[in-house]
Amino acid sequence: MALVSADSRIAELLSELHQLIKQTQEERSRSEHNLVNIQKTHERMQTENKISPYFRTKLRGLYTTAKADAEAECNILRKALDKIAEIKSLLEERRIAAKIAGLYNDSEPPRKTMRRGVLMTLLQQSAMTLPLWIGKPGDKPPPLCGAIPASGDYVAKPGDKVAARVKAMDGDEQWILAEVVSYSHATNKYEVDDIDEEGKERHTLSRRRIIPLPQWKANPETDPEALFQKEQLVLALYPQTTCFYRALIHTPPQRPQDDYSVLFEDTSYADGYSPPLNVAQRYVVACKEPKKK
């Protein structure tokens with residue numbers, strides 16, 4: 001019943017999202033006439049080579065209208081983003097419910113049958129579709145936006161992706177990409193599944209062995225303070241693997257769609273670091289261990 005209820009709610013939200021998109025286009029079309037008037041007024045001012053009181057008053061009115069139009073469109077877009085976030089949340093809840101119930105649809109087979117290439121593609125898609133934090137003027141990015149860590153009392157939800165420190169087969173410890181199964185408030189421990197172990201092994205880990213991954217991308221153009229900076233030590237997911245390794249930030253993202261460029265610690269190179277490799281914001285977290293000398 002829960003799956004059916006989720007499907008029904010998702011259908012409703014998609015319909016509401018469609019209406020919001022139509023409203024956005026209508027608002028944009030309505031404001032276009034005013035923007036054309038602004039451009040024409042500037043052209044006339046250049047032709048006459050002066051700014052008369054008439055043009056000054058007219059432009060003030062046109063820009064006031066343009067600002068109001070932009071704010072109205074912005075409000076509609078924020079509502080649309082909220083709908084998208086709710087849809088994604090419901091889809092994730094449905095996926096978890098299906099996993100628990102042992103039900104999988106054709107588009108998402110059980111992990112035990114998932115080929116590695118498919119897994120890598122899904123990880124890339126997860127990074128690409130991570131929402132960009134878009135705050136209102138004066139808003140500060142929240143915890144789990146880019147480089148901003150989770151709050152001290154934060155508890156990751158079932159289905160959340162995390163970096164988890166586990167013991168490998170050879171006894172060494174490593175940081176892996178994992179999915180939260182549950183959290184016990186009685187023991188303060190998580191149960192997590194290794195993304196790359198085909199669901200065969202489950203790890204029980206303390207909070208200090210878990211680092212929640214970012215839930216929003218930080219926008220370098222508006223919130224550069226929410227990004228790791230050059231030469232900062234991090235844990236980054238090595239490309240085409242599901243393991244996190246220590247790395248230095250080589251270049252932070254310059255645009256919202258950009259990845260980090262990082263230098264992984266690698267003793268096979270003379271300077272101890274790999275050539276620059278790109279890693280998405282989704283898979284870069286703070287490293288609390290001291291930098292190696």
Side-chain angles (χ1 to χ4, degrees), residues 13-14 17-18 20-21 23-25 27-28 31 35 66-67 69-89 91-92 120-151 154 156 159-163 177 211-240 244 247-264 275-287:
L13 288 168
L14 286 171
L17 178 60
H18 178 67
L20 287 169
I21 293 171
Q23 288 178 35
T24 302
Q25 189 57 49
E27 187 67 36
R28 188 165 298 174
S31 63
L35 295 177
K67 181 175 180 289
D69 289 344
E71 288 173 346
E73 184 179 337
C74 182
N75 287 334
I76 297 172
L77 287 171
R78 289 186 187 282
K79 290 178 182 178
L81 288 172
D82 289 342
K83 297 294 180 188
I84 292 171
E86 191 174 349
I87 290 168
K88 290 182 70 173
S89 177
L91 287 171
E92 180 66 5
M120 293 299 110
T121 299
L122 289 176
L123 296 184
Q124 290 174 1
Q125 289 176 348
S126 175
M128 290 174 60
T129 58
L130 188 69
L132 181 71
W133 168 254
I134 303 175
K136 295 180 181 179
D139 283 355
K140 291 186 177 180
L144 295 180
C145 173
I148 301 177
S151 58
Y154 178 80
D160 282 358
K161 304 301 186 295
V162 297
L177 178 59
I211 304 176
L213 298 191
Q215 294 185 354
W216 295 277
K217 283 186 283 193
N219 187 342
E221 297 168 354
T222 58
D223 304 299
E225 74 281 2
L227 291 165
F228 293 110
Q229 301 304 308
K230 185 176 177 66
E231 296 188 355
Q232 196 166 349
L233 182 65
V234 297
L235 290 173
L237 195 71
Y238 198 88
Q240 297 301 308
F244 291 84
L248 292 180
I249 298 296
H250 178 61
T251 309
Q254 302 301 305
R255 299 171 299 171
Q257 67 270 30
D258 290 348
D259 294 337
Y260 283 101
S261 174
V262 305
L263 309 173
F264 284 98
L277 293 170
N278 288 345
V279 181
Q281 283 196 47
R282 172 71 162 163
Y283 303 121
V284 180
V285 295
C287 180

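Note: hydrogens, waters and symmetry copies are ignored here, and every other heavy atom, side chains too, is used.
- At least one side-chain heavy atom of L213 sits less than 4.5 Å from a side-chain heavy atom of F244.
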side-chain contact (heavy atoms from CB on, under 4.5 Å), that's the test. Do L248 and L233 meet it? Break it down for me.
CA-CA 5 Å; L248 292 180; L233 182 65; 4.1 Å; yes

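- Within 6.0 Å of NZ on K230 lie more than 12 heavy atoms contributed by other residues, nucleotides or ligands.
- For the pair V285 and V234, the minimum side-chain heavy-atom distance is 4.5 Å or more.
- Shown here is K88, whose NZ atom has more than 12 heavy atoms of other residues, nucleotides or ligands within 6.0 Å.
- Between L144 and P212 the shortest side-chain heavy-atom distance falls below 4.5 Å.
- L227 meets the side chain to side chain contact (heavy atoms under 4.5 Å, CB included) test with A218, P220, Q229, P253, Y260, Q281; sequence neighbours excluded.
- The side chain to side chain contact (heavy atoms under 4.5 Å, CB included) search around T251 returns Q254, S261, not counting sequence neighbours.
- With sequence neighbours left out, E92 forms a side chain to side chain donor-acceptor pair (under 3.5 Å) with R95.
- Once rounded to the nearest 0.5 Å, the distance linking NZ of K161 with CD of Q215 reads 11.0 Å.
- Applying the salt bridge (Lys or Arg N to Asp or Glu O under 4.0 Å) test to D139 and every residue at least two apart in sequence or in another chain returns nothing.
- When all heavy atoms of A236 and V284 are compared, the pair lying nearest together is CB-CG2, 4.3 Å.
- Listed by chain and residue number, nothing satisfies the salt bridge (Lys or Arg N to Asp or Glu O under 4.0 Å) test with E221 (two or more places apart in sequence, or in another chain).
- By the 4.5 Å heavy-atom criterion applied to side chains, R282 and S126 are counted as neighbours.
- Legend: residues meeting side chain to side chain contact (heavy atoms under 4.5 Å, CB included) with L277, ordered by chain and number and at least two apart, are Y238, P239, F264, S274.
- Proximity of W216 to P141: side-chain heavy atoms (C-beta onward) are nowhere separated by under 4.5 Å.
- Applying the salt bridge (Lys or Arg N to Asp or Glu O under 4.0 Å) rule to pairs touching residues 253-262 yields R255-D258, sequence neighbours excluded.
- Rounded to the nearest 0.5 angstrom, Q23 CD and N75 CG are separated by 11.5 Å.
- Side chain of T24 to backbone of L20: a donor-acceptor contact under 3.5 angstrom is found.
- In this structure, I76 CD1 and I21 CD1 are separated by 11.5 Å, a value rounded to the nearest 0.5 Å.
- Checked by atom type and distance alone, the side chain of K140 never pairs as donor or acceptor with a backbone atom of G138 at under 3.5 Å.
- Taken from CG in L132 to SG in C145, the straight-line distance is 7.5 Å, to the nearest 0.5 Å.
- For E225, the salt bridge (Lys or Arg N to Asp or Glu O under 4.0 Å) test picks out no residue, with sequence neighbours left out.
- Looking at K217 and M128, their side chains never come closer than 4.5 Å, going by heavy atoms from C-beta outward.
- In this structure, the side chains of L123 and Y283 come closer than 4.5 Å at one or more pairs of heavy atoms.
- Residues meeting the side chain to side chain donor-acceptor pair (under 3.5 Å) test with R28, sequence neighbours left out: E73.
- Residues satisfying the salt bridge (Lys or Arg N to Asp or Glu O under 4.0 Å) test with D69, not counting sequence neighbours, are R30.
- Within the 4.5 Å cutoff, the side chain of N219 has no heavy atoms near those of the I134 side chain.
- Residues that satisfy the side chain to side chain donor-acceptor pair (under 3.5 Å) test with T129, not counting sequence neighbours, are absent from this structure.
- Residues passing the side chain to side chain donor-acceptor pair (under 3.5 Å) test with K136: none are found, sequence neighbours excluded.
- Here the shortest heavy-atom pairing between A66 and L35 reads CB-CD2, 4.3 Å.
- Annotation: the span from L81 atom CG to L17 atom CG amounts to 9.0 Å, rounded to 0.5 Å.
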